[in-house]
Amino acid sequence: MGVELIRGDNFVTARLADVVNWARKSSLWPFPFGTACCGIEMMSTLASRYDMARFGAEAVRFSPRQADLLIVAGTICNKMAPVLKRIYDQMSQPKWVIAMGACASCGGIFDNYTVVQGIDQIIPVDMYVPGCPPSPQALMYSFTKIQGLVQSGQGLSLDPMPEAVPSVPV
Ligand code: SF4
């Protein structure tokens, strides 16, 4: 973090970006986008047994403008794709995205024309969580990896915004 401690005077110096990122990583506000069974595991992760609040992410928001971490948990059908894209677009910058489970990551077992074969066809994804469904521990692990991205100032939302893939009716 580039911290310098000077004895006697007791002050530290650091780059402003490092301090901001340190604060950001410990105060992520998730937007839970649960559409199917994975959503239940996500709820469990946020609830008292696993308690994501311990990582500073207890302020779950259902307004995209107040959220900076989108957790997509479940199957995304083509009709839902424009909704997901709009929610992502409305979120504040910088923002990060977790694709939780096989369905969000690649369509899962639903290899058919009605289901989006991975949300990265619509929006950038920073972290994929394998499993059907992933355990709460897996989601928490991915969250800590996202925190690492935040601290290092990385994230796909910081890159130029990708255009929607034409094959998906967005
Ligand atoms: S990955 Fe499995 S558990 Fe998750 S939404 Fe798809 S079918 Fe359900």
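Just so you know, ligand 1 is whichever comes first in the structure, and atom 1 is the first atom listed for that ligand. Quick caveat: nothing in here was measured; it's all calculated off a predicted structure. FYI, side chains are in, hydrogens and waters are out, and symmetry mates aren't considered; it's all heavy atoms of this structure.
For Cys38, every N, O or S atom stays at 2.8 Å or more from atom 2 (Fe) of ligand 1.
The protein atom (non-hydrogen) at minimum distance from atom 6 (Fe) of ligand 1 is Cys103 SG, 2.3 Å.
Counting the atoms of ligand 1 from 1 in the order shown, those under 4.0 Å from a heavy atom of Cys37 are 3 (S), 5 (S), 7 (S), 8 (Fe). Those atoms of ligand 1 with a heavy atom of Ala36 less than 4.0 angstrom away are 5 (S). The ligand atoms of ligand 1 that sit less than 4.0 angstrom from a heavy atom of Gly74 are 5 (S).
Nearest-heavy-atom check against atom 7 (S) of ligand 1 across Cys132, Pro134, Gly108, Gly107 picks out Cys132.
Counting only distance, with no hydrogens or angles, the side chain of Ser152 and the backbone of Leu149 share a donor-acceptor pair below 3.5 Å. In this structure, the side chain of Gln117 engages the main chain of Phe110 through a donor-acceptor pair within 3.5 Å.
Under a hydrophobic-cluster definition in which Ile, Leu, Val, Met, Phe, Trp and Tyr are linked whenever side-chain heavy atoms come within less than 4.5 Å, directly or via other members, Val60 and Phe33 are assigned to different clusters.
The distance from atom CD of Gln147 to atom CZ of Phe55, rounded to the nearest 0.5 Å, is 7.0 Å. The CH2 atom of Trp96 sits 11.0 Å away from atom CD of Gln154, with the distance rounded to the nearest 0.5 Å.
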